[in-house]
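What you see is a predicted model; the values in this text were computed from it and never measured.
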Amino acid sequence: MKEFMLIFRLKAGADFKPSPAQIQERMNWLASIAAQEKLVDKGKTLLPTIDSGRHISADKVVTDGPFTELKEYVSGFIVVRTENIDEAVEIAKQNPIFKIGGSIEVRELLKS
């Protein structure tokens with residue numbers, strides 16, 4: 001089995017506060033993954049405000065982030081365990097984030 005991080009992205013300026021129905025839909029999605037014993041890490045939601053992060057460049061210059069000029073920002077992540085990336089993609093496709101214009105990046109994690 002391999003592990004994959006599902007990285008959630010929302011459009012900049014998107015309404016950050018989900019409705020109770022949206023929260024329940026996401027919780028149901030997570031519960032379905034957990035029921036299949038494929039949920040490794042339920043992840044976290046990342047704050048989208050300018051004072052909630054910093055960017056450090058290669059020359060160690062620190063700037064505020066996430067950047068307001070970006071068209072989308074990383075809003076959170078989870079980690080799943082599946083046989084292959086195609087299975088992880090199928091899990092990702094069931095996420096309700098697409099209903100609000102979000103997207104998901106699926107990345108295999110390096111085994112340590």
Side-chain angles (χ1 to χ4, degrees):
M1 297 285 265
K2 298 178 179 181
E3 292 184 358
F4 297 89
M5 180 175 280
L6 279 54
I7 304 165
F8 308 115
R9 297 180 187 276
L10 289 173
K11 293 179 182 175
D15 185 11
F16 177 68
K17 294 183 179 182
S19 70
Q22 290 170 320
I23 292 170
Q24 187 60 53
E25 192 172 13
R26 183 174 190 278
M27 296 306 293
N28 292 344
W29 176 74
L30 281 172
S32 73
I33 300 168
Q36 299 173 60
E37 297 184 3
K38 294 182 179 180
L39 185 62
V40 175
D41 184 338
K42 66 179 183 167
K44 297 287 183 189
T45 299
L46 304 176
L47 291 173
T49 59
I50 195 136
D51 59 347
S52 67
R54 300 291 180 270
H55 178 265
I56 306 163
S57 64
D59 57 1
K60 298 184 182 173
V61 173
V62 179
T63 55
D64 290 339
F67 304 105
T68 56
E69 66 270 10
L70 294 178
K71 292 182 181 176
E72 60 181 20
Y73 62 91
V74 175
S75 62
F77 69 93
I78 68 166
V79 178
V80 297
R81 183 179 297 118
T82 62
E83 290 292 329
N84 54 53
I85 195 167
D86 294 328
E87 188 179 353
V89 166
E90 288 306 312
I91 288 171
K93 287 166 114 178
Q94 303 306 311
N95 188 287
I97 197 170
F98 302 111
K99 293 178 182 179
I100 59 171
S103 65
I104 300 175
E105 178 180 349
V106 179
R107 300 284 303 271
E108 185 172 351
L109 297 177
L110 179 66
K111 288 189 175 186
S112 51

Atom [atom1] in [X], atom [atom2] in [Y]: separation rounded to 0.5 Å?
| X | Y | atom1 | atom2 | result |
| --- | --- | --- | --- | --- |
| Leu109 | Arg81 | CG | CZ | 10.5 Å |
| Ile78 | Thr45 | CD1 | OG1 | 11.0 Å |
| Met1 | Glu87 | CE | CD | 6.0 Å |
| Leu110 | Lys2 | CG | NZ | 12.0 Å |
| Asn84 | Glu108 | CG | CD | 9.5 Å |
| Arg26 | Lys42 | CZ | NZ | 9.5 Å |

Where is the tightest heavy-atom contact between [X] and [Y], given as atom of each residue plus distance?
| X | Y | result |
| --- | --- | --- |
| Arg9 | Glu105 | NH2-OE1, 2.7 Å |
| Ser75 | Ile97 | OG-CD1, 4.3 Å |
| Phe4 | Ile85 | CZ-N, 3.3 Å |
| Val80 | Ala88 | CG2-CB, 4.2 Å |
| Met5 | Phe77 | CE-CD1, 3.9 Å |
| Val106 | Ala92 | CG2-CB, 4.0 Å |

Practice item. Would you indicate whether the side-chain heavy atoms of Phe8 and Asn95 approach each other to under 4.5 Å? Key: yes

Exercise for review: Please list, chain by chain and in numerical order, all residues satisfying side-chain hydrogen bond (donor to acceptor under 3.5 Å, both in side chains) with Lys93, sequence neighbours excluded.
Suggested key: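 Lys93 satisfies side-chain hydrogen bond (donor to acceptor under 3.5 Å, both in side chains) with Glu90 only.
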
